[in-house]
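Protein chains get the first letters and strands the later ones, always in sequence-line order, with residue 1 at the start of each. If you're wondering where the values come from, they're calculated on a predicted model, not measured in any experiment. These numbers come from the heavy atoms of this one structure, side chains and all, not from hydrogens, waters or symmetry mates.
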Amino acid sequence: MKNPLMKNATSLSLRIPTPKARPGDPADLSHVNPPPAGETPRPDVSASAHDMRDMAFKLVRVLNDAGEAVGPWNPALDAQTLRRGLRVMLLTRAFDDRMYRMQRQGKTSFYMKSTGEEAIPTAAALALEKDDMCFTSYRQQAILFARDYPLVTMMNQIYSNAADPNRGRQMPVHYSAKQYGFFSISGNLATQVPQAVGWAMASAYKKDNRIACTFVGDGATAEGDFHQAMTFASVYHAPVIINVVNNQWAISSFQGIAGGDETTFAARAIGYGVPPLRVDGNDFLAVYGAIAWAAERARTNMGPTLIEHYTYRVEGHSTSDDPTRYRPAEEPRRWPLGDPVERLKQHLIVIGEWSDARHKALEKEVAEEVKTAAKEAEAIGTLGQSRPSVKEMFEDVYKEQPWHLRRQRQELGT
Amino acid sequence: MKNPLMKNATSLSLRIPTPKARPGDPADLSHVNPPPAGETPRPDVSASAHDMRDMAFKLVRVLNDAGEAVGPWNPALDAQTLRRGLRVMLLTRAFDDRMYRMQRQGKTSFYMKSTGEEAIPTAAALALEKDDMCFTSYRQQAILFARDYPLVTMMNQIYSNAADPNRGRQMPVHYSAKQYGFFSISGNLATQVPQAVGWAMASAYKKDNRIACTFVGDGATAEGDFHQAMTFASVYHAPVIINVVNNQWAISSFQGIAGGDETTFAARAIGYGVPPLRVDGNDFLAVYGAIAWAAERARTNMGPTLIEHYTYRVEGHSTSDDPTRYRPAEEPRRWPLGDPVERLKQHLIVIGEWSDARHKALEKEVAEEVKTAAKEAEAIGTLGQSRPSVKEMFEDVYKEQPWHLRRQRQELGT
Amino acid sequence: MATMTMIQALNNAMDTMLAKDPDVLIFGEDVGYFGGVFRATDGLQKKHGITRCFDAPIAESGIVAAAIGMAAYGLRPVIEIQFADYIYPGYDQIVSEAARLRYRSAGDFTAPLTLRSPYGGGIFGGQTHSQSPEALFTHVAGLKTVIPSNPYDAKGLLISAIEDDDPVIFFEPKRLYSGRFDGWHEKPVETWSAHPASDVPEGYYNVPLGKAAIAREGQAVTVLAYGTMVHVALAAAEFAKIDAEVIDLRTLVPLDIETIVASVNKTGRCVVVHEATRTSGFGAELSALVQEHCFWKLEAPIERVAGWDTPYPHAFEWEYFPGPKRVAAALTRTLEA
Amino acid sequence: MATMTMIQALNNAMDTMLAKDPDVLIFGEDVGYFGGVFRATDGLQKKHGITRCFDAPIAESGIVAAAIGMAAYGLRPVIEIQFADYIYPGYDQIVSEAARLRYRSAGDFTAPLTLRSPYGGGIFGGQTHSQSPEALFTHVAGLKTVIPSNPYDAKGLLISAIEDDDPVIFFEPKRLYSGRFDGWHEKPVETWSAHPASDVPEGYYNVPLGKAAIAREGQAVTVLAYGTMVHVALAAAEFAKIDAEVIDLRTLVPLDIETIVASVNKTGRCVVVHEATRTSGFGAELSALVQEHCFWKLEAPIERVAGWDTPYPHAFEWEYFPGPKRVAAALTRTLEA
Ligand SMILES: Cc1ncc(C[n+]2csc(CCOP(=O)(O)OP(=O)(O)O)c2C)c(N)n1
Ligand SMILES: Cc1ncc(C[n+]2csc(CCOP(=O)(O)OP(=O)(O)O)c2C)c(N)n1
Ligand SMILES: [Mg+2]
Ligand SMILES: [Mg+2]
């Protein structure tokens with residue numbers, strides 16, 4: 001059994017995973033082999049997690065290359081809902097584009113786009129109830145658009161201006177909107193995931209019927225918080241949907257650095273006895289179907305679901321990095337699962353509910369909407385031009401200001 | 001798809017898992033359904049983790065009820081090795097018994113037994129090379145016996161006496177023995193698991209051929225450290241064996257509180273693309289076979305393995321608790337997988353290499369050995385009767401004593 | 001009124017709040033059926049139901065995070081960290097999340113949770129069952145830190161903490177759980193029943209956060225202490241026969257600066273006592289504050305008596321613990337300065 | 001000799017040590033191919049090979065733990081925590097493990113690792129890219145804490161940290177990475193090349209840990225500072241036209257008490273400056289130590305100028321940051337006291 005010679009026969013070596021292609025190489029996405037749309041079966045919502053293990057290695061897809069919605073995961077949405085989804089995605093994209101430019105113009109300090117990933121938060125928001133609580137990372141801004149949160153207020157936050165609901169205290173894009181079922185975004189990765197589980201436990205404790213829905217990046221799944229979220233969700237059967245947005249990158253690190261070369265992120269669920277779903281994240285209908293499945297499961301007291309959304313981060317991580325320094329410049333365009341906006345647009349056209357002309361008009365409309373909001377926000381002021389009263393720096397540290405903060409405020413002379 | 005009525009149709013409720021039986025109830029271990037010995041297949045050491053997923057839901061067993069070694073996992077050890085294993089287990093048990101009594105007599109502050117779990121560390125130590133590094137919890141003392149660490153030195157540690165190798169700084173049972181491939185035990189649960197991975201990465205980095213072997217309790221798998229260990233081991237293919245000792249209890253919490261009601265602990269491996277093994281932890285031969293399999297894999301650069309050892313904590317958590325306050329008093333005796341010592345003894349008798357008489361003699365021999373060591377240690381002194389020089393309190397905080405510690409030492413007058 | 005030990009008073013505080021407010025719930029490692037390794041939650045699950053007091057996975061970070069989520073929902077979770085020494089895995093969730101949630105969301109979400117944890121040494125717990133990490137929390141804006149020294153305060157302060165709308169770190173001096181330990185470890189420990197603060201009302205009351213108590217009035221020197229060290233300071237004053245004014249801080253943040261300043265201005269001398277390691281301990285803050293506020297009245301250097309800057313060593317429990325003799329020596333030095 | 005910015009000097013220190021010692025290796029989030037979000041490890045992977053400088057999962061606790069395991073094996077890992085604000089998930093491994101490994105095993109195992117992390121504000125990073133958590137490490141026995149203020153020291157201290165046999169927390173004032181920022185944020189930042197400390201030898205040298213530097217000699221008042229605040233203190237002295245002696249601590253633990261005491265005994269006055277929140281900041285320890293050692297020589301209360309006790313707020317960067325005016329005001333007050 002134990003071979004005494006073996007010990008000296010091999011010497012170990014340290015393996016550091018690397019992506020298939022770096023700047024200068026041609027993009028290589030040959031490992032992305034999506035199954036045809038419609039192929040992956042849809043288990044009953046009451047299926048046992050154990051029986052669903054294989055779902056971690058499949059890919060839920062509804063929209064085929066021809067733009068048709070096929071297979072058991074098709075949520076069979078009406079055209080109005082589909083157009084609503086398209087609008088939210090376009091609005092998100094227009095908003096992202098404008099705010100990115102505003103940052104480049106020095107009107108704020110920082111911005112983060114969600115380009116290419118808009119289907120995930122959009123479809124999730126439409127599949128959930130409005131009062132379900134979302135615990136997101138910084139790349140699910142589309143949820144706010146889907147829930148009709150005022151654009152101007154988002155911009156005020158980005159500009160840290162006098163009307164900023166966060167009172168100038170958070171970096172741009174760290175929204176908080178309790179009335180819109182949107183939990184305060186943290187700068188610390190993954191912390192929201194176990195918090196969402198706690199919120200869901202509270203909802204169950206109060207015999208409420210609201211559920212929690214949380215999002216975390218592929219990279220951030222490595223944090224201990226992810227494990228604790230899965231453990232607590234599993235142990236207490238918390239009514240929560242845990243979404244891993246696998247957009248292939250974590251700043252400059254490809255998903256292999258988070259373990260994605262070894263198995264899928266959906267597979268993590270298996271280790272906790274939680275049902276896994278793995279979804280084409282650029283397929284609006286597939287995401288909707290998956291979230292609706294998980295939401296029904298959660299709401300009927302059957303506990304948590306882990307969903308991996310397979311997608312691609314088309315832009316840089318944020319305004320602070322240049323992705324062509326660490327990946328082939330054409331990789332985004334080569335992404336085999338296409339663009340979520342284009343795919344939903346095509347589908348609507350195929351079913352006769354949309355046209356290129358209407359699409360152009362909608363693009364114009366949302367650009368106008370963003371522009372109008374931007375004017376309004378900029379009239380209040382961009383970063384440094386307008387801001388809340390300095391004395392607010394000392395407020396909300398505690399509910400009531402203790403003496404030492406009062407004294408510090410006086411020392412500053414505000 | 002989305003049923004507007006559903007939302008109000010159900011209200012959630014919070015589920016808190018509970019064990020089948022509490023004090024006053026009859027012990028109920030009906031969920032423990034071990035497959036017959038020999039049934040679980042043995043994959044090739046180079047099998048892919050993906051193909052091995054089902055191993056997480058099986059149970060590697062070699063010793064059948066008749067005491068025969070059967071099936072593909074039988075490591076086919078010679079009688080000498082088997083007797084050595086038996087001796088180490090008996091020695092461990094004798095040591096535990098005596099030190100437990102010493103604590104009860106006030107000769108030290110604290111003690112922790114490993115009764116019922118001795119096969120796991122013992123077989124592991126015998127299946128590993130002597131210079132493989134073990135990162136253990138407080139319940140793998142048998143490794144030290146298996147590696148011929150001096151009993152007296154262990155007792156000196158337990159007594160915090162003048163000869164304590166830890167210089168009176170650690171609570172009892174927190175051994176450290178680098179020369180014996182035994183990493184310093186921490187009081188903080190699970191921290192050793194990612195450290196073991198780091199050690200294994202270093203070994204690979206240095207093109208060494210030593211591997212790391214780490215142990216963590218079922219309860220402690222919930223710590224973030226466990227997740228990080230699995231992630232790093234998976235990403236860097238670290239030559240490490242990660243052992244979860246599922247002894248059903250974490251102080252007063254049954255393993256369902258750590259997620260054990262939902263799936264197996266071995267299943268955690270699947271989410272990281274790490275091969276899982278699930279082993280009858282009370283079967284010396286099964287544990288040996290599994291560790292040898294994983295060691296060969298690690299040593300030949302094929303990376304980590306996660307092994308769940310299914311066993312039972314027969315005694316209280318430590319000298320600080322009384323288990324009959326939270327579980328039926330007869331539960332330990334009802335454990336369906338028996339006692340590891342009895343099972344190995346039976347096997348040795350069945351193969352004609354042992355007898356009741358020899359067993360009794362061995363029991364006496366190890367008791368004597370423990371007694372002799374105890375006398376020697378007690379001659380040096382028990383807790384409070386003897387200890388290192390007080391000035392050692394200020395040493396080893398840093399390699400060199402900085403001024404402030406020098407001054408504090410002076411202030412104390414030592 | 002009943003006579004209670006500190007652990008009984010804490011148990012009673014939680015019992016009271018579970019009965020009073022359906023939004024209060026308790027969880028932590030071993031706190032459910034078993035009632036906690038120190039029995040703080042003994043009987044609460046049985047009395048109030050399994051969803052009101054239950055066991056948690058061994059995951060301090062998850063425990064804090066779940067409590068934050070619950071608090072954000074609107075509950076008032078009370079969590080137990082089994083030993084303060086094991087709080088660090090949860091440190092990020094406490095510091096980055098609970099402490100800043102109100103601030104970062106401008107009050108949109110808040111985290112009114114109470115984190116209880118036994119702390120301090122004196123039980124031969126070695127380096128991982130003896131720590132006093134309070135300074136790691138007093139440095140963090142947004143947290144309140146509370147440490148009681150007797151049964152009456154323990155109950156009243158814990159109730160205030162649970163009702164407080166901010167996150168409260170509530171450290172319980174485990175050495176005081178069952179008796180009034182005053183640092184004379186060779187002598188038998190005084191039972192709580194011999195002490196007036198063991199008279200604890202059965203029902204609801206509170207002791208406000210942010211208010212110190214004067215444990216002993218005196219003229220010669222001010223001693224600032226909390227937790228077990230209050231009793232050690234009293235024993236030291238008696239031992240050294242010094243007319244010390246012993247202030248029991250009770251709440252570290254927000255601190256009752258007025259009581260402190262009034263006392264030091266009166267005595268002109270100050271000794272700060274804690275069990276935590278000295279460097280960057282909370283005593284440093286107290287010393288800095290006292291000299292800032294009372295510089296012109298100070299007649300001697302402010303002394304700090306604290307745990308040594310080493311881990312808490314198993315075999316040297318009483319050399320490490322800043323007992324009455326060390327405190328008495330500091331009092332004497334301060335008076336002679 | 002070459003002219004280097006601080007980030008270049010740090011990069012050069014790691015380059016030097018990778019070349020000198022095969023047991024040195026570097027890992028952290030984005031440090032490999034990309035060279036780190038602040039480019040501290042730029043080019044090192046390419047030059048020294050992928051196993052010498054590589055990316056890690058986003059798991060600060062795992063990063064520290066792996067480094068501890070490597071250090072226990074015998075390597076000298078250098079890890080980067082992307083921002084000091086993200087160190088807390090790794091806090092348990094640092095405090096409970098790295099800091100105590102030598103002590104608890106009586107030297108059987110040690111943890112000679114270096115943890116580098118950009119810290120401090122001034123870049124509009126808001127509450128999660130601006131923190132100064134040094135006091136959370138100075139309180140922990142077994143850790144050394146180092147903070148450089150200029151390129152020459154940065155390289156020399158980092159080399160000492162890597163060679164040190166104890167775990168070292170090495171905080172890098174990110175605001176100084178590319179220029180000598182002195183707190184006058186409205187003015188253009190002075191390039192490092194204009195400063196003598198940008199003359200950095202290409203090869204191996206070190207600056208010993210535990211030794212402060214006198215950044216400016218003076219007679220009127222002693223200013224204790226480190227990192228960015230050294231330059232702010234210099235600017236403040238100039239602005240207030242006060243003959244301050246500015247001490248650049250460089251190492252916080254172990255502290256160079258001799259240099260501090262000699263200076264305060266000379267000037268009789270002391271101002272402590274840091275960017276971290278004030279309460280329980282390292283300034284409290286400095287203030288306490290100074291009054292313990294120099295009580296009879298002090299002619300005015302020791303002042304602390306520090307970050308306010310709030311999170312670091314995005315829109316109020318310069319009201320939060322303790323700039324030259326606030327420091328100057330404290331200097332003036334101290335002289336007038
Ligand atoms: C605890 C913590 N560590 C590190 C960071 C720095 N950081 C911000 S975003 C990011 C990458 C996250 O990648 P991923 O989770 O995949 O999300 P994505 O940006 O791709 O949406 C890192 C490392 C952080 N914000 N918090
Ligand atoms: C970080 C941390 N949290 C809590 C504890 C307290 N504690 C010590 S042992 C234990 C139970 C561990 O159970 P398990 O991991 O199943 O191991 P077993 O004791 O069964 O071998 C607990 C909660 C600790 N030591 N460290
Ligand atoms: Mg990503
Ligand atoms: Mg266990």
All side-chain contact (heavy atoms from CB on, under 4.5 Å) counterparts of [X], not counting sequence neighbours:
X      : answer
D:S178 : none
A:E315 : A:K113, A:T115
A:R407 : A:W403, A:Q410, C:H293

To the nearest 0.5 angstrom, please state how far the NZ atom of D:K325 sits from the OG1 atom of D:T332.
->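 If I round to the nearest 0.5 Å, the distance is 13.0 Å.
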Ring centroid separation for [X] and [Y], is it under 6.0 angstrom?
X      : Y      : value
A:Y138 : A:H317 : yes
D:F137 : D:F171 : yes
D:F83  : D:H129 : yes

Would you say A:M102 and A:Y159 make side-chain contact, with heavy atoms under 4.5 Å?
->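 Answer yes - side chains close enough.
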Considering only heavy atoms, which portion of [X] lies under 4.5 Å from any heavy atom of chain D: side chain, backbone, both, or neither?
X      : answer
A:V397 : side chain
A:S318 : neither
A:L189 : side chain
A:P402 : neither
A:T221 : neither
A:R15  : neither
A:I257 : both
A:R325 : both
A:P19  : neither

May I ask you to decide if the ring planes of A:Y326 and A:W249 are parallel, tilted or perpendicular, using 30° and 60° as cut-offs?
->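 Tilted.
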Between D:F181 and D:W318, what is the ring plane arrangement, given parallel below 30°, perpendicular above 60°, and tilted in between?
->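 Judged by the thresholds at 30° and 60°, the geometry between D:F181 and D:W318 is tilted.
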Heavy atoms only, distances under 4.5 angstrom: which of [options] has the most pairs with chain D? Name it, please.
options                        : answer
A:L14, A:N161, A:V390, A:T414  : A:V390
A:N166, A:D396, A:T191, A:L405 : A:L405
A:A258, A:A220, A:G259, A:S253 : A:S253

Pick one of side chain, backbone, both or neither for D:Q82, based on which atoms fall under 4.5 Å of a heavy atom in chain A.
->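 The side chain, not the backbone.
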Is it the side chain or the backbone of D:Y312 that comes within 4.5 Å of chain A heavy atoms, both, or neither?
->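 When you check distances to chain A, only backbone atoms of D:Y312 fall under 4.5 Å.
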Cation over ring face, D:R39 and D:F34, 6.0 Å, 45° =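 Yes - D:R39 lies over the ring of D:F34, closer than 6.0 Å to its centre and within 45° of its axis.
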Check whether the side chains of A:D218 and A:Q255 place a donor and an acceptor atom closer than 3.5 Å, and report yes or no.
->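 Result is no, nothing qualifies.
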Could you name the residues of residues 53-62 of chain D that have a heavy atom within less than 4.5 Å of a heavy atom in chain A?
->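 Answer by number: D:F54, D:D55, D:A56, D:P57, D:I58, D:A59, D:E60.
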Where the side chain of D:E29 meets the backbone of D:I81, is there a donor-acceptor pair that is under 3.5 Å apart?
->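 Between the backbone of D:I81 and the side chain of D:E29 there is no qualifying donor-acceptor contact (under 3.5 Å).
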